[in-house]
Protein chains: 2
Amino acid sequence: MRGWRRDTLTARTQAESPRGIPEATVARLPLYLRALTALAESATPTCSSEDLAAAAGVNSAMLRKDLSHLGSYGTRGVGYDVENLRYQIAHEIGLTQDRNVVVVGLGNLGQALANYAGFRSRGFRVVALLDADPRLFGTGVAGLGVRPVAELEDVVASLDVAIGVIATPASAAQDVADRLVAAGVASILNFAPTVLVVPEGVEVRKVDLSIELQILAFHEQRRSPSYVGGATGAGGHDHDVVGTDGHGRRVVAAGHGEESR
Amino acid sequence: MRGWRRDTLTARTQAESPRGIPEATVARLPLYLRALTALAESATPTCSSEDLAAAAGVNSAMLRKDLSHLGSYGTRGVGYDVENLRYQIAHEIGLTQDRNVVVVGLGNLGQALANYAGFRSRGFRVVALLDADPRLFGTGVAGLGVRPVAELEDVVASLDVAIGVIATPASAAQDVADRLVAAGVASILNFAPTVLVVPEGVEVRKVDLSIELQILAFHEQRRSPSYVGGATGAGGHDHDVVGTDGHGRRVVAAGHGEESR
DNA sequence: GCGTGTGAAGAAATTCACAGCC
DNA sequence: GGCTGTGAATTTCTTCACACGC
């Protein structure tokens, strides 16, 4: 079967990364996966795009479009086979194989991360903990001993680390990132409130709690009656009609990223 | 009533809320704020959009476009006054007033969040901690006693809570969210790995560690030589050195570095 | 009929490129 | 000359709406 790839030379509306699957879609696949897992646990054999979209908190049209990038795994007039679709998405994300993770920085957050069950439950194994503070060396966190950050290179090489989680103070983050990259780690999850500069080809995801709070604060202020829009500016006559969608409720899924940005 | 589409013609060509400022821009303002604070600390009086963009890890054209939504705070031929721009952005985000935060769920993550300095340093005051586990009641975390989650409504009302942080297990998150909303909280930061359904007008930001890891895993897999792209497809587009170790990867300014050819 | 898959339309976000001001 | 601010062009993402297979 010659797969009818969308090799469409009609370079119209198609940007796609390397071989397809836009970033926005990739960011939602884990959501669908989780929703499917929930459905599977409730012994639901099949589901419509409407069902799954509701469970994932997205629009059904978007869900179908997203899934169409993976292939045709649904049946017209019926829906999707929960178990099969779950497997296909897990496969696409690459969860069929476990990946080793090292956590660098074991302050409050780092320790919480090391203990976070969500890591282990989805094929991510925390195999080493590193910190610069000698007082933490050897102490047990999540069944692992904390080792000196000086051993970073050894750890990455000997334990086949694929992902590095940075939970250090901002001042140490770039240095740690540089060393992780030099040691061969090409995937970094950064919790330090700083911008990381990395070479081409290295993927960095950032989680910044204070930024999330500030975004909330912005909307909070906007809701306030006293808000007139920034300092000056006559502002528009726009009304705050948030366009009630009739449903009265608004589903907030995962997303961003940040968000966005 | 025929189920015809709602007359969306009401919206002009801009998703913008009240007075402008697209969501993507809002999500970056905190980034600029942080960069400006760093510049201020190094006693830099003014900076160009190039400088600031580099410090924030974005493209300079995007930075200028973003700032243009706030007003004209720069000087052509010169740049931006660091202190003034910092104030303008802080004002726009609404950081001129403190906001009270309640943390619900004090497991590993919740405790780490309660202790997180980043919260307090930017005008967010954690004023109460709630949990359902009696064993935690009264124990001190970050100088506050943990109180029964049953007191949620009291706490929100008496302490003027503006933001709720949910760090409970997924199973409890929706219930907590419902109660927060009913109590008048319209801004929620959700760490529980579940989709929250909230009424229109309530803002939810979500932080999901396992989703971030899965996104990294996807790219990790894509880099892998054995990756052929889902079910079918050629794929091999990589010309990046996948070879073990060796300084295969070239440092190319970084995915964020501006560079305008 | 139902519901997927998808081209086309629409909206949003990003980047370009340059006019205009210092 | 240098740099901001911004319309226009471009790219990316989302939604619509309907043909097609069940």
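A note on names: the letters A, B, ... follow the listed sequences, proteins ahead of strands, and every chain is numbered from 1. Note that this is a predicted model, so its numbers are computed, not measured.
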- Task: Report the residue (B/G79 or A/A24) whose heavy-atom-nearest nucleotide on DNA chain D is the more 5′ of the two.
- Result: B/G79
- Item | Any side-chain donor near an acceptor of the partner, A/S210 and B/R122, under 3.5 Å | no
- Task: Provide, to the nearest angstrom, the distance between the CG atom belonging to B/N59 and the P atom belonging to D/dT11.
- Result: 15 Å
- Query: Are any of B/S49's side-chain N or O atoms less than 4.0 Å away from OP1 or OP2 of D/dT4?
  - Reply: yes
- Task: Assess the side chains of A/Y73 and A/N84: does a donor N or O sit below 3.5 Å from an acceptor N or O?
- Result: no
- Separation of D/dC16 C1' from A/E50 CD (nearest whole Å): 14 Å
- A/E23 CD to C/dA13 P, in whole Å, measures 17 Å
- Task: List the steps, then state whether side chain to side chain donor-acceptor pair (under 3.5 Å) holds for A/E220 with B/S187.
- Result: CA-CA 7 Å; A/E220 184 80 20; B/S187 297; 2.4 Å; yes
- Could you state the CG-C1' distance from B/D81 to C/dC22, rounded to the nearest angstrom? 16 Å
- Whole angstrom is fine here: how far is it from CD in A/Q88 over to P in C/dG5? 12 Å
- Note on the structure: For B/V165 and B/L113, the nearest pair of non-hydrogen atoms, with its separation, is CG1-CD1, 3.8 Å
- Query: C/dT6 C1' sits how many Å from A/L63 CG, rounded?
  - Reply: 14 Å
- Query: Rounding to a whole Å, what distance do you find between B/M62:CE and D/dT11:P?
  - Reply: 17 Å
- Query: Any luck finding a side-chain donor-acceptor pair between B/T37 and B/E41 under 3.5 Å?
  - Reply: no
- Under 4.0 angstrom between A/T75 side-chain N/O and C/dT4 OP1 or OP2: no
- Task: Indicate the atoms forming the closest heavy-atom contact of A/F124 with A/V101, along with that distance.
- Result: CB-CG2, 4.1 Å
Interface polar pairs with nucleotides 6-9 of chain D, N/O, under 3.5 angstrom:
residue	atom	partner	partner atom	Å
D/dG7	N7	B/K65	NZ	3.4
D/dG7	O6	B/K65	NZ	3.4

- Task: Give the rounded distance in Å between these two atoms: CZ of A/R28 and P of D/dC13.
- Result: 8 Å
- Query: Is the phosphate of D/dG5, meaning OP1 or OP2, less than 4.0 Å from a side-chain N or O of B/Y80?
  - Reply: yes
